[in-house]
Amino acid sequence: MRLVLLGPPGAGKGTQAAAISKRYGIPHISTGGMLREAIAAGTPMGLTARTIVEAGNLVPDDVMAGMVRERLSAADTARGFLLDGYPRNLGQAVTLESILGGLGWKLDHVLYLAFGDAEIVRRLSGRRTCGGCGAPYHVENAPPRREGTCDSCGASLVQRADDAEDVVKRRLKVYGELTEPLVEFYRRRGLLREIDAAGSVAEVERRCVAALSGATSPVVSGSST
């Protein structure tokens with residue numbers, strides 16, 4: 001099964017991607033994760049990408065295409081893959097079709113996790129991470145017992161630069177301008193499976209599995225089980 005996962009930042013793509021990857025035995029290819037590794041390692045591409053990512057902008061198409069082409073050529077993609085974070089605009093979608101065509105492949109489904117902007121801002125801007133052990137928190141949904149301090153190791157909690165409220169809003173603006181047109185692009189190709197991303201992780205996962213199995217129509221409402 002060859003899949004693309006679409007959705008705005010904060011819609012839960014990473015969580016659902018991990019679950020789908022495990023269920024179907026296919027690698028989860030996260031371009032965001034690949035970029036973060038490059039940034040952390042201080043590679044030339046990572047240094048270039050760092051300023052762009054932290055400002056809420058998108059990495060240039062040619063850089064992303066090279067990363068994706070190399071990753072999809074790896075042996076573990078022979079049985080399928082779940083591509084998360086690419087494509088992010090129509091040009092990248094056309095490039096992906098070319099990459100897959102060169103490998104003799106085509107996409108099977110495109111999962112679109114739909115989520116409201118206001119909830120996304122609340123979810124992302126409230127995220128915090130322990131600077132010591134890396135434990136995750138949220139100021140509303142999963143606050144520490146003592147404000148700003150990790151329950152486990154006592155280190156200070158930090159906010160990722162791209163989770164600041166103004167950066168989140170900019171990310172959503174960029175997403176709306178460049179990425180949302182992909183929804184119609186893939187709908188016209190009959191590949192889109194739209195999923196209501198509101199609700200618990202388990203509920204959203206059930207909707208994804210139902211859409212992929214063909215048990216429901218391509219548009220899966222929040223009332224589906």
Side-chain angles (χ1 to χ4, degrees), residues 3-21 26-77 81-89 91-93 95-96 99 113 115 120-139 142 148 150 152-153 155-180 182:
L3 309 173
V4 160
L5 184 62
L6 295 179
K13 296 189 298 297
T15 300
Q16 293 304 322
I20 292 168
S21 172
I26 56 177
H28 169 207
I29 301 174
S30 168
T31 54
M34 292 165 67
L35 281 172
R36 284 191 288 274
E37 289 175 5
I39 290 171
T43 65
M45 185 186 72
L47 294 174
T48 300
R50 180 173 184 171
T51 302
I52 298 171
V53 171
E54 290 187 350
N57 293 318
L58 299 179
V59 174
D61 287 358
D62 57 338
V63 175
M64 295 305 306
M67 290 176 57
V68 170
R69 183 178 289 106
E70 181 177 352
R71 181 64 184 87
L72 290 181
S73 299
D76 66 342
T77 64
F81 58 81
L82 174 61
L83 190 54
D84 170 17
Y86 190 93
R88 289 196 173 188
N89 58 52
Q92 289 182 356
T95 298
L96 178 60
I99 292 171
L113 301 183
F115 209 45
I120 289 170
V121 172
R122 187 197 67 79
R123 177 183 286 186
L124 290 187
S125 64
R127 294 196 302 194
R128 300 292 185 272
T129 304
C130 174
C133 68
Y137 293 88
H138 192 281
V139 295
C150 178
S152 299
C153 71
S156 296
L157 303 185
V158 296
Q159 183 183 51
R160 273 175 36 179
D162 56 346
D163 279 347
E165 184 171 342
D166 60 333
V167 177
V168 171
K169 289 179 178 179
R170 176 164 176 74
R171 291 168 66 191
L172 288 173
K173 183 175 184 295
V174 171
Y175 171 81
E177 292 172 350
L178 299 180
T179 309
E180 280 195 339
L182 288 173

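All values below come from the heavy atoms of this structure, side chains included, with hydrogens, waters and symmetry mates left out.
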Verdict with reasoning, Cys130 to Cys153, per side chain to side chain contact (heavy atoms under 4.5 Å, CB included): CA-CA 8 Å; Cys130 174; Cys153 71; 3.4 Å; yes

Looking at every non-hydrogen atom in both residues, tell me the closest pair between Ala17 and Leu5 and how far apart they are. CB-CD2, 3.9 Å

Acceptor/donor pairs from residues 61-70 side chains to any protein atom, 3.5 angstrom cut, sequence neighbours excluded:
from: Asp61; atom 1: OD1; to: Asn89; atom 2: ND2; distance (Å): 3.2
from: Asp61; atom 1: OD1; to: Gln92; atom 2: NE2; distance (Å): 2.8

Shortest non-hydrogen contact from Pro8 to Lys13? O-NZ, 3.0 Å

Enumerate the residue pairs fulfilling salt bridge (charged side-chain N to carboxylate O under 4.0 Å, His left out) with a member in residues 126-138, sequence neighbours excluded, ordered by first and then second residue. Arg127-Asp163

Would you compute the distance between atom CZ of Arg171 and atom CG of Asp162 and round it to the nearest 0.5 angstrom? 4.5 Å

Say you draw a straight line from CD1 of Ile26 to CG of Leu3; how long is it, rounded to the nearest 0.5 Å? 4.5 Å

Run the side chain to side chain contact (heavy atoms under 4.5 Å, CB included) check on Val167 and Leu124 step by step: do they pass? CA-CA 10 Å; Val167 177; Leu124 290 187; over 6 Å; no

Can you see which heavy atom on Pro87 is nearest to which on Val4, and at what distance? CD-CG1, 4.0 Å

Just so I know, are the side chains of Cys133 and Cys150 near enough to count as touching, which here means a heavy-atom distance under 4.5 Å? yes

Working to the nearest 0.5 Å, report the span between NZ of Lys169 and CD1 of Ile120. 13.0 Å

Residues Gln159 and Ala164: closest non-hydrogen pair is OE1-CA, 3.8 Å

Kindly say whether Val121 contributes a backbone atom to a donor-acceptor pair with the side chain of Glu165 at under 3.5 angstrom? no

Does a side-chain heavy-atom distance below 4.5 Å link Phe115 with Arg123? yes

Side chains of Val168 and Pro9: does their closest heavy-atom pair fall under 4.5 Å? no

About how many Å separate CG of Asp84 and NE2 of His28, when rounded to the nearest 0.5 Å? 3.5 Å

If you look at every heavy atom in Gly132 and Ala155, which pair is closest and at what distance? N-CB, 3.7 Å

Should Arg122 and His138 count as side-chain neighbours, where that means a heavy-atom distance under 4.5 Å? yes

How many angstroms lie between atom CG of Leu82 and atom OG1 of Thr77, to the nearest 0.5 angstrom? 12.5 Å

Rounded distance (nearest 0.5 Å) linking atom OH of Tyr86 with atom OG1 of Thr31: 9.0 Å

Show every donor-acceptor pair shorter than 3.5 Å between a side-chain atom in residues 172-179 and any protein atom, with sequence neighbours excluded, or say none if there are none.
from: Lys173; atom 1: NZ; to: Glu177; atom 2: OE2; distance (Å): 2.6
from: Thr179; atom 1: OG1; to: Arg88; atom 2: O; distance (Å): 2.8

